[in-house]
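Have a look at the structure below, then the notes.
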Amino acid sequence: MQVRFPWLRIDDLAGASLGLADEGWFDAYALLQAFRRKARSIGVEYMAGEVVQVDRDGERAMGVRLADGRTIAADWVVNAAGPRAGEVAAMAGLELPVRPRKRFVFHFDCRAAVSGMPLTIDPTGVYVRPEGPAFIGGYSPREGEPDPDAFGLEVDRSKFEGFVWPTLAHRVPAFEAIRLLDAWAGHYEVNTLDHNGVIGPHPEVRNFLFANGFSGHGLQQAPAAGRALAEWIATGEYETLDMRPLGYERIARQEPLRELNVV
Ligand SMILES: Cc1cc2nc3c(=O)[nH]c(=O)nc-3n(C[C@H](O)[C@H](O)[C@H](O)COP(=O)(O)OP(=O)(O)OC[C@H]3O[C@@H](n4cnc5c(N)ncnc54)[C@H](O)[C@@H]3O)c2cc1C
């Protein structure tokens, strides 16, 4: 480990894991645009609008109403509202424990050579990876730390000075001398029951589907979640991957399928 990553401090680590194949990072926005372009090319129509109500007739979702007054009738309604998924579920009279939780990304450069760095996650949960010639890093609050609901985009730079930077400088001593270039905020769609996705139909309102609660790892799961729901809608079952363990039933039963490795 030390030979491969001479810039890494390992004397206080008992073990580590390194993925040698099929690992990496990608441009999330570019992936989203690629999916949109492909979908359009095969006839999918996108409509922009804010959903303010989900119409229901007992155990059937009938469609949605938009803020501009339009109504859209639908055979299926898929909740894919990210950090606002709890709100959209509530519009259908359904409960979903998905909350908007703010996360910061800090962008910094370092003059010393830190070469060949993979995405590196410290035992504290602080992560870092190269971003062009510089680096980005951040963290999620640990169990028990304050993590209020938030939709604002202001960045609290004291989290960098007080925690992220010292933690990174401990793990990678070259990071003692860095320069913060920029920072931004986004929102995890945290499933407060178990930090895992909620995928598939509501057990009573069977044509209202969830694609929610990915808790900060939805990008890597989006292609599978999308395919699964498409299969469910088209055939009434999952064909490629069985998503039932991630179904809403565990939410109703309050039986968590806990994801521990959320960064
Ligand atoms: C800082 C940060 C770092 C991340 N890093 C990673 C990572 O490394 N790997 C990973 O896998 N994931 C990562 N994620 C998580 C990932 O971005 C999300 O899990 C993913 O974007 C969820 O996709 P989604 O389509 O479900 O929701 P979103 O991408 O949040 O999209 C939801 C959409 O619904 C729309 N919407 C909401 N409410 C309404 C309404 N009422 N009417 C109409 N439209 C509405 C929104 O405008 C938005 O377009 C990160 C997230 C953040 C914030």
*Ion pair present between Arg244 and Glu249, side-chain N to carboxylate O less than 4.0 angstrom?*
no
*Are the side chain of Gln221 and the backbone of Phe214 linked by a donor-acceptor contact shorter than 3.5 Å?*
no
*Output, in order, the C-alpha distance, side-chain angles, deciding distance and verdict of side chain to side chain contact (heavy atoms under 4.5 Å, CB included) for Leu153 and His187.*
CA-CA 9 Å; Leu153 289 169; His187 302 94; 3.6 Å; yes
*Same apolar cluster (I L V M F W Y, side chains within < 4.5 Å links), Ile136/Val172*: no
*Between Arg9 and Asp11, is the closest basic N to carboxylate O distance under 4.0 Å?*
yes
*Can Ser215 and Glu259 be counted as having a side-chain donor-acceptor contact under 3.5 angstrom?*
no
*Pair Leu229-Ile199, side chain to side chain contact (heavy atoms under 4.5 Å, CB included): steps then yes or no*: CA-CA 8 Å; Leu229 291 187; Ile199 299 173; 3.9 Å; yes
*Does any N or O in the side chain of Asn79 come within less than 3.5 Å of the main-chain N or O of Ala81, such that one atom is a donor and the other an acceptor?*
yes
*Does Arg250 reach the main-chain N or O of Leu246 with its side chain, forming a donor-acceptor pair under 3.5 Å?*
yes
*Counting distance only, does the side-chain N/O of Glu189 pair as donor-acceptor with the main-chain N or O of Gly216 below 3.5 Å?*
yes
*Kindly indicate whether a cation-pi arrangement holds for Arg36 with Tyr46, taking the cut-offs as under 6.0 Å to the six-membered ring centre and within 45° of the axis.*
yes
_Polar side-chain atom of Gln53 near backbone of Arg65 as donor-acceptor pair, under 3.5 Å_ = no
*Going through the checks in order, is the side chain to side chain contact (heavy atoms under 4.5 Å, CB included) test met by Ile10 and Phe5?*
CA-CA 10 Å; Ile10 61 168; Phe5 305 117; over 6 Å; no
*Can any side-chain N or O of Asn191 pair as donor or acceptor with the backbone N or O of Gly197 at less than 3.5 Å?*
no
*asked:* Parallel, tilted or perpendicular, judged at 30° and 60°: which one describes the rings of Phe175 and Phe108?
replied: perpendicular
_Flag for Asp12-His170: side-chain donor and acceptor within less than 3.5 Å_ = yes
*Is the backbone of Ser115 close enough, under 3.5 Å, to the side chain of Trp7 for a donor and an acceptor to pair up by distance?*
yes
_Quick check against the 3.5 Å criterion: does Thr120 have a side-chain atom that pairs as donor or acceptor with the backbone of Pro118?_
yes
*For Asp147 and Pro141, indicate whether the former's side chain and the latter's backbone hold a donor-acceptor pair under 3.5 Å.*
no
*In terms of the angle between their ring planes, are Phe106 and Phe104 parallel, tilted or perpendicular, with boundaries placed at 30° and 60°?*
tilted
_Keeping Ser158 on the side-chain end and Asp156 on the backbone end, is there a donor-acceptor pair under 3.5 Å?_
no
*asked:* I need the full list of salt bridge (Lys or Arg N to Asp or Glu O under 4.0 Å) pairs touching residues 72-92, with sequence neighbours left out, sorted by first then second residue.
replied: Arg84-Glu87
